[in-house]
*Asks:* 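Please read through the structure below; I'll follow up with questions.
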Amino acid sequence: MLRGALAAALTPLRDDGAALDEEAFRPYLEFLAAGGLDGILALGTTGEGILLSALERRRAAELFLDGPLPVIVHCGAQTTAETVALAKHAAASGAAGVAVIGPPYYVYEFRARSGYAVPVGVVERLRGEVSNLAGLKVSDRPFDAVAPYLLEGLDVFVGAEELVPAGLEHGAAGAVSGLAAVFPERVAALVREGAGGVAELRAALDRHPFQAAAKYVLGRRGVPVREDVRPPLRRLTDDEKRELDEWVESS
């Protein structure tokens with residue numbers, strides 16, 4: 001399993017989110033690698049994976065895997081058959097691992113999205129019955145909600161950037177961070193050195209629809225990724241863009 005600082009990668013799109021922007025993948029992946037990351041999680045929530053067709057997900061996985069970083073491909077889908085097909089494709093294409101949901105957001109511990117916390121006892125039971133359950137991402141807050149999942153022998157990745165230092169101190173394998181999709185160097189420094197300042201970055205992006213804001217700021221950082229997102233996600237308003245412009249210029 002990968003360990004360290006991983007980006008929950010954005011997926012470059014074009015045509016108002018209707019198609020993959022294939023030409024943007026390579027420069028984006030080189031940008032993430034130059035930021036010092038240890039790998040990426042592709043096609044997860046931040047990557048709009050569940051909004052893409054199976055064909056688009058396969059092609060996007062191939063494009064991510066053609067980059068310089070190890071990739072865990074998110075293959076979670078609404079049916080077991082599609083999940084298995086996507087996972088087989090990812091494995092055959094050279095993925096370092098796959099992530100799944102089945103049923104949705106289980107086991108991905110994110111109470112704010114699923115509406116409930118997965119009991120730790122369920123995780124322990126799955127470990128006993130599923131030999132290839134290597135780890136999970138926990139995106140809960142505060143740290144008291146994360147700590148019970150830090151089980152011995154289970155690779156847990158922390159999703160809330162401000163909780164990463166505490167997670168690492170208590171045995172977490174690293175971070176899978178949406179913020180790292182835009183500021184890879186800051187999250188790499190957080191994981192390796194305990195550097196601060198990430199909470200302010202996250203708060204600035206979270207004031208707006210996250211995927212759209214993240215893609216817009218990437219563009220402002222010189223990465224040729226369009227701001228297009230797949231509906232029902234929406235693009236930024238002109239006022240939101242102006243607010244982000246002012247923030248970027250003052251940062």
Side-chain angles (χ1 to χ4, degrees), residues 5-35 37 40-53 55-69 71 73-74 110 112-113 139 159-161 175-188 197-251:
L6 278 66
L10 297 158
T11 300
L13 299 175
R14 60 177 175 80
D15 300 339
D16 204 24
L20 298 176
D21 187 1
E22 296 198 11
E23 293 182 358
F25 276 78
R26 170 59 68 168
Y28 176 46
L29 295 171
E30 290 176 348
F31 166 79
L32 294 179
L37 296 177
I40 65 172
L41 172 67
L43 300 169
T45 306
T46 302
E48 304 171 65
I50 203 68
L51 300 178
L52 305 180
S53 70
L55 182 62
E56 288 174 318
R57 293 177 73 171
R58 288 183 176 88
R59 179 57 181 153
E62 292 167 357
L63 292 166
F64 279 116
L65 289 162
D66 192 40
L69 290 170
V71 180
V73 178
H74 204 301
F110 200 178
R113 294 289 184 269
S139 293
E161 291 87 7
V176 174
S177 161
L179 189 65
V182 188
F183 296 99
E185 74 285 358
R186 299 292 293 272
V187 176
V198 295
E200 293 80 1
L201 296 176
R202 167 62 81 165
L205 292 179
D206 278 349
R207 287 175 54 83
H208 312 287
F210 182 80
Q211 286 89 343
K215 289 181 175 182
Y216 185 76
V217 173
L218 265 182
R220 288 298 311 270
R221 299 198 74 194
V223 183
V225 170
R226 306 169 195 258
E227 59 190 272
D228 302 56
V229 292
R230 177 69 54 92
L233 302 179
R234 69 165 178 85
R235 298 176 67 165
L236 300 177
T237 66
D238 289 342
D239 286 343
E240 289 169 333
K241 291 178 187 178
R242 279 192 289 270
E243 183 176 333
L244 283 171
D245 286 338
E246 293 173 0
W247 173 69
V248 170
E249 291 166 3
S250 65
S251 299

*Asks:* Which atom pair, heavy atoms only, marks the closest approach of G178 to T46?
*Replies:* CA-OG1, 4.0 Å
*Asks:* Taking the basic N atoms (NZ, or NE/NH1/NH2) and the acidic carboxylate oxygens, is any pair closer than 4.0 Å for K241 and E246?
*Replies:* no
*Asks:* Does a donor on one side chain and an acceptor on the other come within less than 3.5 Å for E48 and T11?
*Replies:* no
*Asks:* Go through it in stages, so that I can follow the logic: the residues are R220 and D245, the test is side chain to side chain contact (heavy atoms under 4.5 Å, CB included), and I'd like the CA-CA distance, side-chain angles, deciding distance and then a yes or no.
*Replies:* CA-CA 8 Å; R220 288 298 311 270; D245 286 338; 2.5 Å; yes
*Asks:* Verify side chain to side chain contact (heavy atoms under 4.5 Å, CB included) between V182 and L10, making sure each step is shown before the conclusion.
*Replies:* CA-CA 8 Å; V182 188; L10 297 158; 4.3 Å; yes
*Asks:* Stepwise, does the side chain to side chain contact (heavy atoms under 4.5 Å, CB included) test hold for V217 with E227?
*Replies:* CA-CA 9 Å; V217 173; E227 59 190 272; over 6 Å; no
*Asks:* What verdict does the salt bridge (Lys or Arg N to Asp or Glu O under 4.0 Å) test give for R59 and E22, after you've listed the backbone C-alpha separation in whole Å, the side-chain angles of each residue and the deciding distance to 0.1 Å?
*Replies:* CA-CA 9 Å; R59 179 57 181 153; E22 296 198 11; 2.9 Å; yes
*Asks:* Measure the spacing between CG of L29 and CG of D66 and express it to the nearest 0.5 Å.
*Replies:* 8.5 Å
*Asks:* Would you say that S177 contacts L6 through its side chain, given a criterion of any heavy-atom pair below 4.5 Å between the two side chains?
*Replies:* no
*Asks:* For V187 and L179: C-alpha separation, side-chain torsions, deciding distance, then whether side chain to side chain contact (heavy atoms under 4.5 Å, CB included) applies.
*Replies:* CA-CA 7 Å; V187 176; L179 189 65; 4.3 Å; yes
*Asks:* Answer yes or no: is there an ion pair linking D228 with K215, defined by an N-O contact shorter than 4.0 Å?
*Replies:* no
*Asks:* With sequence neighbours excluded, give me every ring-ring contact (aromatic ring centres under 6.0 Å, His included) pair touching residues 202-238.
*Replies:* none
*Asks:* Between R207 and E240, is a salt bridge (Lys or Arg N to Asp or Glu O under 4.0 Å) present by the stated rule, with each step listed?
*Replies:* CA-CA 9 Å; R207 287 175 54 83; E240 289 169 333; over 6 Å; no
*Asks:* How many angstroms lie between atom CG of L52 and atom CZ of R58, to the nearest 0.5 angstrom?
*Replies:* 12.5 Å
*Asks:* Salt bridge check: are E161 and R186 linked by an N-O gap of less than 4.0 Å?
*Replies:* no
*Asks:* Rounded to the nearest 0.5 Å, what's the gap from CD on E185 to CG on L32? Could you check?
*Replies:* 10.0 Å
*Asks:* Can you name the nearest heavy-atom pair linking P231 to D16, along with the distance?
*Replies:* CD-O, 4.3 Å
*Asks:* Looking at R57 and G49, what are the two nearest heavy atoms and their distance?
*Replies:* CD-O, 3.4 Å
*Asks:* Check for a donor-acceptor pair, side chain of R14 on one end and backbone N or O of L20 on the other, with a separation under 3.5 Å.
*Replies:* yes
*Asks:* Could you report the tightest heavy-atom contact between L244 and A204, atom names first, then the distance?
*Replies:* CD2-O, 4.2 Å
*Asks:* Which atom pair, heavy atoms only, marks the closest approach of Y28 to L218?
*Replies:* CE1-CD1, 3.4 Å
*Asks:* Give the minimum heavy-atom separation between V73 and L43, together with the two atoms involved.
*Replies:* CG1-CD1, 4.2 Å
*Asks:* Please round to the nearest 0.5 Å and tell me the distance separating atom CZ of R242 and atom CG of L236.
*Replies:* 12.0 Å
